[in-house]
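Structure record follows, encoded as structure tokens.
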Amino acid sequence: MAEKTDKKQVNEGKGKFSSLDLPDLPKRLPPQLEFQRTRVLCNLDAPIHTDNVMYGGAYASMGVDNSVQLDCFRQKFRVEVVRLTKDDMEFDLIGIDPSIANAFRRILIAELPTMAIEKVLIANNTSVIQDEVLAHRLGLIPIMVDPRLFEYISENDTNNEKNTIVYKLHVRCQRGAPRLTVKTNELKWLPNGSELLLDSKNSDSNPTSKPRTYTSFSCSQASLPKFANNPINPMPEITIARLGPGQEIELEAHAVKGMGKTHAKWSPVATAWYRMLPEVVLLEDVEDEDAEKLVNTCPVKVFDIEDIGNGKKKATVARPRACTLCRECLRIGEEWEKRVSLRRIKDHFIFTIESTGALPPEVLFTEAVKILEDKCERVITELS
Amino acid sequence: MEHGAFGDQSNATFSLTEEDHTLANAVRFTLNQDPRVTFCGYSIPHPSDARVNIRVQTTGDPAREVLKDACQDLMLMCQHVRSTFDKAVTDFKTSERGQAMNIDSEE
């Protein structure tokens, strides 16, 4: 009470002055609200506190600013790479909101372009695989080339060397030979374009001019510097079809650029996903037999035993990151819900990207972020 | 396109074509952080049409400007994410663990 009268006197003395302006303690939320704001509590039946308190003025009555200012974001945001190989990567994004992490995931799956076979011109197919099934399988084969080197093709464009890749497949299983497995290694790249001729019944056409084919390549793709020593191959060792004796397949396939939105064959990732960082906390000390039970129940070995002298053992949390939220540790018995607390940290995401091979995974993520920036740019120019 | 009253610039609905939850949810997040915004939300009228309606209501500032600022903030956040990520990847590749993984994959 004495404090209040002091402040009042100060108020009267200095005119407009609020006690909230006094720089006493930094404004922090009380611990239980901070817990609700930053952690998802995964109970035995269902998780709680799952929504994000996004409104900037949510805690205004307590004097705490909830908004994510850009400078605050820049200071708190971190990226830690855990694993990075040729085909997949796992990394942590810390300090970012789920809406943006989800935007990256959606762009990685659906809006990054790749090259995939779209048109298949079948000259001869006497195998047991039907034409359309064969064409469907060819479309799903990943093509190992950087899609940024090619342009999109629209309906009125002709197929030229800047927007199409042409492959030829001609296999035949001889009579008397064993069954033949046709793999993607048999797909031959045709850098000069299509070899199938368009029928033209036009007798005026000059007999010495080049016959028209299904594509009009003005120069060979192999002459372009980027493809000079790197042939554009599909992913090797994928089975396309199996041929019995006397069966033959002869076809030509044209690959174009597209996005996962139109058809999943154009998705550059096998998949991309994220999960929130698990946090496992032992609310009470778990000793001796209970500790043994706990360590044996967890299928991914989150817990470990620690000897604390006198022959007594205690359970500790050794690998919380491995927790898959199976909740086996909560199902051991009735009181275990009070001993173990499973939580998720709301702004720490463990991203995993598995690439199909066209582009390395770190390049895929960078391109996805660029695409989100382009979308914002487009909205800004539309509004201006 | 913007649907709003002529006299009152502070409340408007923006209808964006060729967009979906990817951009709309992220823009809604950045809009919420802006102290000038009293209400913001997005809806997708029909899942077969690629169209998103973003509603913005502000404390007086024109809604168009507030939305532009939110998109600008989102772009800056993305640029920061990209540079931090690139730096983290280069650090990882040059560190010992990166070298170890390279050796493993080459064997």
Side-chain angles (χ1 to χ4, degrees), chain A residues 52-58 60 65-70 72-74 77-87 89 91-93 95-107 110-111 261 361-363 365-380 382-384, chain B residues 1-2 14 16-40 50 52 54 63-93 95 97-98 101-102 104-106:
Chain A
N52 294 340
V53 184
M54 285 193 231
Y55 174 44
D65 184 14
N66 191 33
S67 64
V68 177
Q69 305 290 357
L70 212 48
C72 230
F73 171 75
R74 285 205 184 106
F77 180 65
R78 280 179 6 242
V79 175
E80 286 168 9
V81 180
V82 170
R83 191 183 71 234
L84 174 63
T85 65
K86 190 165 63 72
D87 289 327
M89 80 181 293
F91 61 99
D92 288 11
L93 287 172
I96 199 173
D97 190 73
S99 54
I100 305 187
N102 195 31
F104 293 146
R105 184 194 63 93
R106 288 173 65 102
I107 295 177
E111 299 195 40
K261 263 204 292 203
E362 65 270 12
V363 174
F365 187 74
T366 320
E367 290 294 309
V369 181
K370 270 194 222 159
I371 288 184
L372 188 57
E373 281 174 40
D374 289 341
K375 281 177 185 268
C376 295
E377 181 82 48
R378 213 171 340 130
V379 173
I380 294 178
E382 248 188 66
L383 288 175
S384 307
Chain B
M1 73 204 76
E2 177 181 1
F14 298 91
L16 306 174
T17 49
E18 301 299 317
E19 292 297 344
D20 56 2
H21 303 276
T22 310
L23 180 67
N25 202 12
V27 165
R28 184 186 61 100
F29 165 71
T30 42
L31 271 174
N32 246 325
Q33 307 307 315
D34 196 330
R36 300 173 285 179
V37 166
T38 56
F39 177 84
C40 69
V52 163
I54 303 183
R64 185 177 279 254
E65 298 302 315
V66 172
L67 184 62
K68 262 201 278 190
D69 287 344
C71 288
Q72 197 65 36
D73 275 348
L74 186 58
M75 270 182 76
L76 293 173
M77 281 172 98
C78 286
Q79 281 162 5
H80 182 70
V81 167
R82 194 150 44 108
S83 54
T84 319
F85 178 78
D86 285 338
K87 187 166 166 308
V89 167
T90 9
D91 285 346
F92 182 81
K93 281 188 183 163
S95 77
R97 283 165 66 192
M101 285 208 182
N102 252 342
D104 283 338
S105 62
E106 276 165 28

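The figures here come from the full heavy-atom set of this structure, side chains too, leaving out hydrogens, waters and symmetry mates. Numbers restart at 1 for each chain; the letters A, B, ... are given by sequence-line order, proteins then strands.
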Requested in this report: Please look at B/E19 and chain A and tell me whether the side chain, the backbone, both or neither of the residue comes under 4.5 angstrom of a heavy atom of that chain.
Outcome: side chain

Report task. Evaluate the ring planes of B/H80 and A/F73, with Trp represented by its six-membered ring, and classify them as parallel (under 30°), tilted (30 to 60°) or perpendicular (over 60°). Result -> perpendicular

Report summary line: When the 4.5 angstrom heavy-atom criterion is applied to B/D86 and chain A, the contacting part is side chain

Query raised in the report: Measuring heavy-atom distances to chain A, does B/E65 have an atom under 4.5 Å in its side chain, in its backbone, in both, or in neither?
Result: neither

**Report entry** Interface residue of largest heavy-atom contact number with chain B, from A/K370, A/R106, A/M89, under 4.5 Å
**Finding:** A/R106

Report summary line: Ranking B/T22, B/L31, B/L16 by heavy-atom pairs under 4.5 Å to chain A gives rank one to B/T22

Requested in this report: Counting only heavy atoms closer than 4.5 Å, note whether A/E111 contacts chain B via side chain, backbone, both or neither.
Outcome: side chain

Query raised in the report: With a 4.5 angstrom heavy-atom cut-off, which part of A/R105 approaches chain B: side chain, backbone, both or neither?
Result: neither

Requested in this report: State whether B/K93 and A/E362 are salt-bridged, where the test is any N-O pair (Lys NZ or Arg NE/NH1/NH2 against Asp/Glu carboxylate O) under 4.0 Å.
Outcome: yes

Report task. Using a 4.5 Å cut-off on heavy atoms from C-beta on, say whether the side chain of A/V81 contacts that of B/D91. Result -> no

Report task. Ignoring hydrogens and angles, state whether a donor on the side chain of A/T85 or A/D87 is under 3.5 Å from an acceptor on the partner side chain. Result -> no

Report task. Starting at CD1 of A/I371, measure out to SG of A/C376 and round the result to the nearest 0.5 Å. Result -> 12.5 Å

